[in-house]
Amino acid sequence: MSVLIKRYTRQLHRVLAPIMLFPLLLTLTTGLLFQVAVLNGKETDFLWLLALHRGKFGSINLESVYVFLNALGLLFLVVTGLIMWFQTGRSASRRSKQ
């Protein structure tokens, strides 16, 4: 794989990771807290958590696209992360052979 592709992959990953951090943490946290509310029988008191979890932020309603954007961003991070990981493994094995 060329050096240019390696650099481009790292740059894309570096740019997208901080952008995806907030939505993924928000989804994780609200889903977890709502499940705790369900287990305690208080889900009706915490429906606002479910709305946040689905992408409804007050007057901004992203419910129809939020899950797809979250999934696409996470998939992209996984793919670029795996590419970088495999590149690191190959370059380390090349160095040890020399």
Side-chain angles (χ1 to χ4, degrees):
M1 194 174 280
S2 75
V3 175
L4 186 61
I5 293 173
K6 287 181 185 180
R7 186 177 299 151
Y8 186 65
T9 302
R10 286 188 182 279
Q11 287 174 346
L12 284 175
H13 190 87
R14 190 176 299 133
V15 167
L16 190 59
I19 294 169
M20 285 305 301
L21 181 65
F22 178 73
L24 289 173
L25 284 177
L26 179 68
T27 301
L28 178 138
T29 306
T30 55
L32 178 69
L33 291 175
F34 187 75
Q35 187 60 35
V36 169
V38 168
L39 291 173
N40 289 314
K42 306 251 186 211
E43 62 269 9
T44 54
D45 296 335
F46 293 95
L47 289 176
W48 60 272
L49 275 174
L50 193 57
L52 277 176
H53 182 75
R54 291 181 174 170
K56 187 166 184 179
F57 308 106
S59 62
I60 301 171
N61 188 357
L62 300 175
E63 286 180 316
S64 59
V65 295
Y66 185 71
V67 68
F68 297 109
L69 293 175
N70 243 352
L72 191 62
L74 182 58
L75 179 63
F76 188 78
L77 287 175
V78 167
V79 169
T80 56
L82 284 173
I83 289 170
M84 291 186 304
W85 185 52
F86 284 124
Q87 289 171 353
T88 304
R90 285 192 198 131
S91 61
S93 65
R94 285 183 195 151
R95 277 185 257 140
S96 65
K97 289 180 183 178
Q98 293 175 353

side-chain hydrogen bond (donor to acceptor under 3.5 Å, both in side chains) contacts in which one or both residues fall within residues 68-80, not counting sequence neighbours: His13-Thr80, Thr27-Asn70
Transitive ILVMFWY cluster of Trp48, excluding itself - 4.5 Å side-chain cut-off: Phe22, Leu26, Leu33, Phe34, Val38, Phe46, Leu47, Leu49, Leu50, Leu52, Phe57, Ile60, Leu62, Val65, Tyr66, Leu69
Members sharing Phe68's hydrophobic cluster (side chains within less than 4.5 Å): Val67
Calculate, to the nearest 0.5 Å, the distance between atoms CG and CG belonging to Leu16 and Leu77 respectively. 4.5 Å
Taking the hydrophobic residues Ile, Leu, Val, Met, Phe, Trp and Tyr, and joining any pair whose side-chain heavy atoms are under 4.5 Å apart, which ones share a cluster with Val36? none
Can you list every side-chain hydrogen bond (donor to acceptor under 3.5 Å, both in side chains) pair that touches residues 50-61, not counting sequence neighbours? Thr30-His53
Between Met84 and Thr9 the two heavy atoms that sit nearest each other are CG-CG2, 4.0 Å
Rounded to the nearest 0.5 Å, how far apart are CG of Leu12 and CZ of Arg7? 13.0 Å
Under the 4.5 Å side-chain heavy-atom rule for ILVMFWY, direct or indirect, which residues accompany Leu72? none
Treating Ile, Leu, Val, Met, Phe, Trp and Tyr as nodes and any side-chain heavy-atom pair under 4.5 angstrom as an edge, say whether Trp85 and Val78 lie in one connected cluster. yes
